[in-house]
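Any value given below was found using the heavy atoms of this structure, including those in side chains, with hydrogens, waters and symmetry copies removed.
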Amino acid sequence: MTTALHPDPDAAVRDPADGRDAARQPYAYRRRPLEEPDWRRLPGWRDVTDAEWESAQWQRAHCVKNVRQLRTVMGDLLDEPFYADLERDQAERATMSMLLPPQMLNTMDTSSTEAFYADPVRRYMLPVFSDRRTDWPSHPYATRDSLHEAEMWAVEGLTHRYPTKVLAELLPTCPQYCGHCTRMDLVGNSTPNVDKHKFTIRPPDRHEAMLDYLRRTPGVRDVVVSGGDVANLPWPRLESFVDALLDIDNIRDIRLASKALMGLPQHWLQDEVRAGMERLATKAHERGAQIAIHTHVNAARSVTPLVAKAARAMLDTGIRDVRNQGVLLRGVNDSPDALLDLSFALLDEAGIMPYYLYMCDMIPNSEHWRLAVWEAQELQHAIMGYLPGFATPRIVCDVPYVGKRWVHQLSDYDRERGVSYWTKNYRTGLELSDPDALTRQYEYYDPIYTLPDRGREWWRERAEAA
C-alpha cells in the first residue's frame, strides 16, 4: 500500500556536485513561530482591550451562541448565504448547540466567506448544512452513545471499560461545543435533532459515589477526569475531587481532560487555577502519583501564544505532562502535512505532547468528517520518522465494546463493504461472565461513500430492505 504525499516544492535540495535537484522529502520541517491573530479585525471586537481578551470572565461572557451573535461579531465579513447555511444546519442536522469562545473564533480565517468556509477550525466547530453528506449523512449503524459508555457505568457517570482505567464524567457541559462530540447524547444543550440525556443524581452525590466505587475497587489505578470539560467545574469542586482521588492508594495516574486549554486558555492562566494545580501536583509527587492534562487540538492554527503560555503555566506547577488527543477529521487534518504541522506546533512551540489522534466516532450526521480505516493507516505511515518516536501521535480507532486500537491492529478487513474486525484482550464490566468476549470479533464501519461501487450498492440494498 502506498501513500500519496505532496512534496513541498521549496524542500528541493541542490546537489553541489552536478547542480541537479536531489531527492525531495515529502515534508519539509520549518520552525514556525506562533501567532495570536488580531481580534480587532473583527467588527464586533474592534474595541476589545488586551486585558479584556486575556480575561477568562470576558471570554466566557462573549461566547458566540447563535447566528445573531455571530453576525454581531463578523459584521459584513461574511456573505448572507453563509448564515442561511448555518441556520439550516442548526435546525436540521446539528447534534451540538453552538458555543464558541472568542479565542477559538479568532483563529478562523475571516479574510473572505470562501476562506471561512474552508477554514479547518470552522469545519468542526461551526458546521453548516452544505458540509454534510446528502447521500449518507449518518452511517446505518451510527448511534448516539457510539462507544456505549453509559452501558458501562459502574455508578452514574463513571465508565469502567478497561480493567485498570475508568472515565469519570463529572459534568455535562463544556466552554465550547465541537460538532463531532462523541458524547453528543449527554453533553450540552438539546438541539432540534437531539434531546439530550440528563444525569439523575445530584453532582455532589454522583462524585461521592464515584470516589466510593474507586475506594472499593483496588484494581483501578488510572482515572480520566472529564465530562464535559473540567474547565467548566468551579475550581474548588474540581480540586476537592482530585484531592480525594489522591487519597486513594491504588490511584496512580490522574488525567484531567480539557479542550479549554486550547479553546479558553485564559481559564488555565487564572491565579486560583495555577495555585490549585500546584497544590495538587505537590501532593501527587509526595505520594508517587502522576497528574497530566489532556487537551484536544485538531489544527495547527489553533496553537497560539496564549495556548502555549497556558500549557507552560500548567507544566510549571509540577504536573507530569500536557498531552494532545486530537480527532482525525476530513477537511480539517486529513493530510500528512496538516498532521505534522499540528504535531510540531504542539511539541516545539507549546510544550504539548502529541499523543493520540482518534478516528471520528460513529455518531449521527458525522459521515462527512469520518475517514476509512485504510485512510487512517496511510496517514499513520506517512507521519512516521519525522517526529521523535515518543512524540509521534498514534492514530487509534475506538472500537465499540472494545476500546482504543492502533489502526493497524485489526484482525480482518473487508475493504469492499468497509467492515473491519477487531479483537480484545480484556473484558469490560458487561462481559465478566462472557466466555467468548476474548475470542469474538467486533465490527467497525468505514464511511459508505469511501467504498467501491459494489460496496456502496450492497449497503444501498440493505437500507432499502430495512
Just by distance, with hydrogens left out, do Glu36 and Thr304 show a side-chain donor and acceptor under 3.5 Å apart? yes

Will you find, in the side chains of Trp153 and Glu169, an N or O donor that is under 3.5 Å from an N or O acceptor? yes

Quick one: does Asn66's side chain have a donor or acceptor within less than 3.5 Å of a partner on Gln69's backbone? yes

Report yes or no: does Thr159 contribute a side-chain atom to a donor-acceptor pair with the main-chain N or O of Glu149 at less than 3.5 Å? yes

Below 30° counts as parallel, above 60° as perpendicular, anything between as tilted: where do the rings of Trp58 and His62 land? parallel

Hey, mind stepping through Ile254 and Val242 against side chain to side chain contact (heavy atoms under 4.5 Å, CB included) and telling me if it holds? CA-CA 8 Å; Ile254 299 170; Val242 176; 4.1 Å; yes

Got a sec, which residues hit side chain to side chain contact (heavy atoms under 4.5 Å, CB included) with Leu357, two or more places apart in sequence or on another chain? Leu339, Pro393, Ile395

Report the distance from atom CG of Asp119 to atom CE of Met125, rounding to the nearest 0.5 Å. 11.5 Å

Rounded to the nearest 0.5 Å, what separates atom CG in Leu264 from atom CG in Leu269? 9.5 Å

Using a distance-only test with no angle check, is there a side-chain donor-acceptor pair under 3.5 angstrom linking Tyr124 and Asn333? no

For Tyr426, is there any backbone N or O sitting under 3.5 Å from a side-chain donor or acceptor partner on Tyr162? no

Atom of Pro37, atom of Thr107 and distance for their closest heavy-atom approach: CG-CA, 4.2 Å

Rounded to the nearest 0.5 angstrom, the CD-CD distance for Gln57 and Gln59 is 10.5 Å

Between Trp459 and Tyr445, how do the two ring planes meet: parallel, tilted or perpendicular, split at 30° and 60°? perpendicular

Go through the structure and list residues passing ring-ring contact (aromatic ring centres under 6.0 Å, His included) with Tyr421, not counting sequence neighbours. none

Under a 3.5 Å distance rule, please check whether Ser190 uses its side chain to pair with a backbone N or O of Lys196 as donor and acceptor. yes

Around atom CG of Asp195, are there more than 12 heavy atoms of other residues, nucleotides or ligands at under 6.0 Å? no

Within 45 degrees of the axis of the six-membered ring of Tyr449 and under 6.0 Å from its centre: does Arg456 put its NZ or CZ there? no

Separation between CD1 (Ile248) and CG (Leu214), nearest 0.5 Å, reads 5.0 Å

Applying side chain to side chain contact (heavy atoms under 4.5 Å, CB included) to Trp458 and not counting sequence neighbours gives Arg417, Arg462

Take Val273 and Leu238, measure what side chain to side chain contact (heavy atoms under 4.5 Å, CB included) needs, and give me the verdict at the end. CA-CA 10 Å; Val273 175; Leu238 178 60; over 6 Å; no

Salt bridge or not for Asp341 and Arg30, using N-O below 4.0 Å? no

Test item: Glu156 side-chain N/O and Ile201 main-chain N/O as donor-acceptor pair under 3.5 Å: yes

Got more than 12 heavy atoms from elsewhere within 6.0 Å of NE2, His408? yes

Arg301/Glu35 salt bridge by N-O under 4.0 Å criterion: no

For a salt bridge (charged side-chain N to carboxylate O under 4.0 Å, His left out) check, start with the C-alpha distance between Asp222 and Arg255, then their side-chain angles and the critical distance, and finish with the verdict. CA-CA 8 Å; Asp222 183 344; Arg255 294 178 270 171; 2.8 Å; yes

Is there a donor-acceptor pair closer than 3.5 Å between any side-chain N or O of Asp446 and the backbone N or O of Leu371? no

Measure from the side-chain N and O atoms of Asp414 to the backbone N and O of Glu416, and report whether any donor-acceptor pair falls under 3.5 Å. yes

Mind checking whether Trp39 and Trp53 have parallel, tilted or perpendicular rings, split at 30° and 60°? parallel

Which atom of Val230 lies closest to which atom of Val225, heavy atoms considered: CG1-O, 3.3 Å

Quick one about Ser138 and Asn365 (side-chain donor to acceptor, distance below 3.5 Å, no hydrogens or angles considered), yes or no? yes

Does Arg183 come within less than 4.0 Å of Asp145, counting only side-chain N to carboxylate O? no

Going by distance alone, is a donor N or O of one side chain under 3.5 Å from an acceptor N or O of the other, for Ser258 and Trp268? yes

Applying side chain to side chain contact (heavy atoms under 4.5 Å, CB included) to Leu34 and Val303, what does each step give before you reach the verdict? CA-CA 7 Å; Leu34 302 182; Val303 187; 3.9 Å; yes

Using a cut-off of 6.0 Å, state whether more than 12 heavy atoms not belonging to Lys309 lie near its atom NZ. no

With sequence neighbours left out, the residues meeting side chain to side chain contact (heavy atoms under 4.5 Å, CB included) with Gln90 are Leu86, Ala94, Met98

Please collect all ring-ring contact (aromatic ring centres under 6.0 Å, His included) contacts where either partner lies in residues 286-320, sequence neighbours excluded, each pair once. His180-His296, His294-Tyr355

Using distance alone, with no hydrogens and no angle criterion, decide if Ser420 and Trp422 have a side-chain donor and acceptor under 3.5 Å apart. yes

For the residue pair Ser55 / Glu52, report whether a side-chain donor-acceptor contact shorter than 3.5 Å exists. no

Have a look at Asp398 and tell me which of Arg161, Arg405, Lys404 forms a side-chain hydrogen bond (donor to acceptor under 3.5 Å, both in side chains) with it. Arg161

Within this structure, what is the CD-CZ distance for the pair Glu349 and Arg32, rounded to the nearest 0.5 Å? 10.0 Å

Could you tell me whether Lys283 and Asp243 have a side-chain N and a carboxylate O separated by less than 4.0 Å? yes

Between Glu54 and Gln103: side-chain donor-acceptor atoms closer than 3.5 Å: no

Please check: side-chain N/O of Asp321 versus main-chain N/O of Ala292, any donor-acceptor pairing under 3.5 Å? no

Ignoring hydrogens and angles, tell me if any N or O in the side chain of Arg320 forms a donor-acceptor pair with the backbone of Gln290 under 3.5 Å. no

I'd like to know if the side chain of Lys424 pairs up with that of Tyr401 as donor and acceptor (distance under 3.5 Å, no hydrogens or angles considered). no

dist Arg287:CZ -> Thr282:OG1 (nearest 0.5 Å) comes out at 14.0 Å

Donor-acceptor contact below 3.5 Å, side chain Ser366 vs main chain Met362: no

Would the number of heavy atoms belonging to other residues, nucleotides or ligands and lying under 6.0 Å from CG of Asp271 be above 12? no

Asp212/Arg216 salt bridge by N-O under 4.0 Å criterion: yes

Run Asp348 and Tyr29 through side chain to side chain donor-acceptor pair (under 3.5 Å) and show every step you take. CA-CA 11 Å; Asp348 293 351; Tyr29 169 78; 2.6 Å; yes

Determine, for Glu92 against Arg132, whether the closest basic-nitrogen to carboxylate-oxygen distance falls under 4.0 angstrom. no

Quick check on Arg221: does its CZ atom have over 12 non-hydrogen neighbours (other residues, nucleotides or ligands) under 6.0 Å away? yes

Does Tyr442 have any ring-ring contact (aromatic ring centres under 6.0 Å, His included) partners at least two apart in sequence or in another chain, and if so, which? none

